[in-house]
Amino acid sequence: MDLEKFRSQFPQLSRTVYGKPLVYLDNAATALRPQSVIDKWAESASMNTANIHRAVHYVASVATEEYENARKAVASYIGASSPSEIVFTSGATASLNLVASSYGSAFIGKGDEIIIAESEHHSDIVPWQMLCERTGASIKVWKVSDDGHLDLAQLESLLSPSSKICCVAHISNVLGLVNPVDDIVNICHSKGCLVLVDGAQGIVHTRPDVSKTGCDFYVFSGHKAFASPGTGILYARKELLDSMPPFMGGGEMINTVRWSGSTYAEAPMKFEAGTQNFTGVATLVPALSVLQSSMEEDLAANTDKVCGYVLDALSSDRRIHLYGLPGDGFVKIPLFSFSVEHCHHEDLALILDKMGIAVRSGQMCAEPLMDRFGVTGMLRASFAPYNTLSEAEYFVRSLDRAISMLA
Amino acid sequence: MKTLKEIQNEKVEEFAMFDDWLDKYSYLIELGNTLPPFPESLKTDDRLIKGCQSRVWLDARMEDGSLVFSADSDALITKGIIALLVSVYSGRRPEEIASDDFSFIERLGLRENLSPTRANGLVSMIETIRRMAENNCAK
Ligand SMILES: Cc1ncc(COP(=O)(O)O)c(C=O)c1O
């Protein structure tokens, strides 16, 4: 598909801020919505509203079908062996909490170890810390190198018979490097340790294949992949889901409820207590089709060009320190976190904002990584397939202007 | 001596002279540079204003019945904003500050033009100034 045609699917790309065209470079925080997602949301809200899985009436069956179709679409998109391996949640954070709480409380106890990469998002750290507080398990940190690389030899040395699970992002939301999840899984599985992959960024920039990778858990949010906010996915291998206790109790997750005790539905329903975000979930179908098209030839070529250009521009500027460098087999995606000598990230972000450019500044929900690199925060420009080379050039020029304003 | 309202009106007029936000930022950055050096020893956690993305320190002391503020920040625009507040409120009696409605912030157009996280920082700065004033009012 041609870039202009792809862009025309995203109405927000034509909006202005402060009288300037919006240049949206905060895609890692949330992506913009394509028209097909907006239309699907409107259609579901205006025509297909009825609670799912409960009633026998007509609209309820349509709504249920849309919801279950989304489950099938997600399963096939990420290569799960069956839709029943897909649990819908409210987002990546909720999926991570579900695993830490349900799997964690059943199978991780005192003396056990959880390996967590230093570059993880708070959402993949805090639920595990909470689990450790409850159970007496402990966390081992898998450190990143100065270039932001995770070293497999170090992983091997961290693994012990007490290692129960290794939690690592497919792509860190700060470093923008694709981690070798296939190798990580092989190494961990050979030591009997499970692997959870946080795919919040990975789903957007790669095509995961969970069956091939063999990971035990893969989580992501719909909103970063063009779908409605409030939708999240937990993939887990069937045996694991079957062995895990429910996370929340409530409607539709049960088999029978008696005062003497209740029995639970099969997975994935066991984990979907209460009314689900069925309107949002329906948008995953058009979102995944846009996501798939964004990785096709023409658009992929544009993304590569933009990525190469920004990488060159930022890494050749001596005032700029870029975190997460490609090399040693680590591929860079167009997500750039950096700091600028003598400039506060907040000042730069405020000035860029007034030039129409939306970027992220601050700790980016990865405070341990900020500490690792000795900074109070960073500036992050994250590109999506709809961002053009001329937007990238405007960003680089504007950044230079912002830096000189602060000099 | 000018009244608090007069000083506030002056600041609002001065700020309105720039139509472009980048010029307003440049003005704030310059204003921040006029703040006297803030001693490192005063950069303690209890002087840190919570809720800002950057770090902002504010100190207040009583001199001849007036409250004298000094401040610093590690970000330049924020430093300019706190400098603007200091230039308005420093040297005023605490009673006068405590009874102000702080509505000139609205008139400056700062609140709606800063991102919500920043606006939160601004709210915290104002709250801190108000609280410091209240703590120093004659009982
Ligand atoms: C790597 C990573 N993990 C987890 C999350 C949390 O996602 P959400 O806030 O959608 O639950 C994010 C989003 O910022 C992320 O980038």
Side-chain angles (χ1 to χ4, degrees), chain A residues 16-26 29-30 122 174 319 337-367 370-371 374-381 394-395 397-407, chain B residues 15-35 38 40 43-45 47-57 71-84 105 108-125:
Chain A
T16 55
V17 291
Y18 315 109
K20 301 194 171 66
L22 171 67
V23 176
Y24 187 74
L25 303 182
D26 197 14
T30 199
H122 292 165
V174 177
R319 301 165 298 182
S337 301
F338 55 95
S339 54
V340 180
E341 236 172 60
H342 311 304
C343 294
H344 197 283
H345 47 85
E346 183 192 51
D347 286 327
L348 291 168
L350 277 171
I351 295 171
L352 289 171
D353 172 50
K354 293 299 187 288
M355 297 174 171
I357 303 175
V359 292
R360 179 74 188 274
S361 64
Q363 299 179 329
M364 280 164 314
C365 301
E367 211 177 328
M370 300 298 120
D371 291 345
V375 294
T376 59
M378 297 177 185
L379 200 67
R380 181 184 71 193
Y394 176 65
F395 160 70
R397 275 199 312 278
S398 305
L399 177 64
D400 183 60
R401 205 175 140 209
I403 295 172
S404 38
M405 268 180 75
L406 296 168
Chain B
F15 209 63
M17 287 189 325
F18 309 102
D19 341 300
D20 187 65
W21 265 93
L22 293 180
D23 294 335
K24 288 187 207 266
Y25 281 166
S26 295
Y27 166 80
L28 284 172
I29 292 168
E30 272 172 41
L31 204 62
N33 287 335
T34 65
L35 276 178
F38 190 83
E40 287 298 315
K43 291 187 180 173
T44 53
D45 281 352
R47 292 186 180 86
L48 206 53
I49 298 181
K50 302 268 168 335
C52 308
Q53 197 173 83
S54 50
R55 288 179 297 175
V56 188
W57 296 270
D72 200 2
S73 171
D74 57 355
L76 298 183
I77 296 171
T78 297
K79 189 168 170 180
I81 294 171
I82 194 75
L84 182 69
I105 305 285
L108 283 169
L110 272 178
R111 200 195 291 264
E112 65 273 25
N113 275 289
L114 292 171
S115 59
T117 41
R118 272 298 289 252
N120 285 341
L122 187 60
V123 169
S124 315
M125 290 182 211

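Labels below follow one simple rule: chain letters A, B, ... track the order of the sequence lines, proteins then strands, and each chain is numbered from 1.
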Could you give the distance from [atom1] ([X]) to [atom2] ([Y]), rounded to the nearest 0.5 Å?
{"X": "A:L350", "Y": "B:T78", "atom1": "CG", "atom2": "OG1", "result": "7.0 Å"}
{"X": "A:K354", "Y": "B:Y25", "atom1": "NZ", "atom2": "OH", "result": "3.0 Å"}
{"X": "B:L76", "Y": "A:D347", "atom1": "CG", "atom2": "CG", "result": "4.5 Å"}
{"X": "B:L22", "Y": "A:M355", "atom1": "CG", "atom2": "CE", "result": "5.0 Å"}

Practice prompt. Can you establish whether the number of heavy atoms outside B:D45 located under 6.0 Å from its atom CG is more than 12?
Written response: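 Open: at most 12 neighbouring heavy atoms sit under 6.0 Å from CG of B:D45.
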
Worksheet item: Who pairs with B:R55 by side chain to side chain contact (heavy atoms under 4.5 Å, CB included), at least two apart in sequence or on another chain?
Response: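 If we apply the side chain to side chain contact (heavy atoms under 4.5 Å, CB included) test to B:R55, skipping adjacent residues, the hits are A:T376, B:L48, B:W57, B:D74.
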
Discussion item. Could you work out, with salt bridge (Lys or Arg N to Asp or Glu O under 4.0 Å) as the rule, every residue matching A:R380, not counting sequence neighbours?
Written reply: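 Salt bridge (Lys or Arg N to Asp or Glu O under 4.0 Å) check on A:R380 returns A:D26.
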
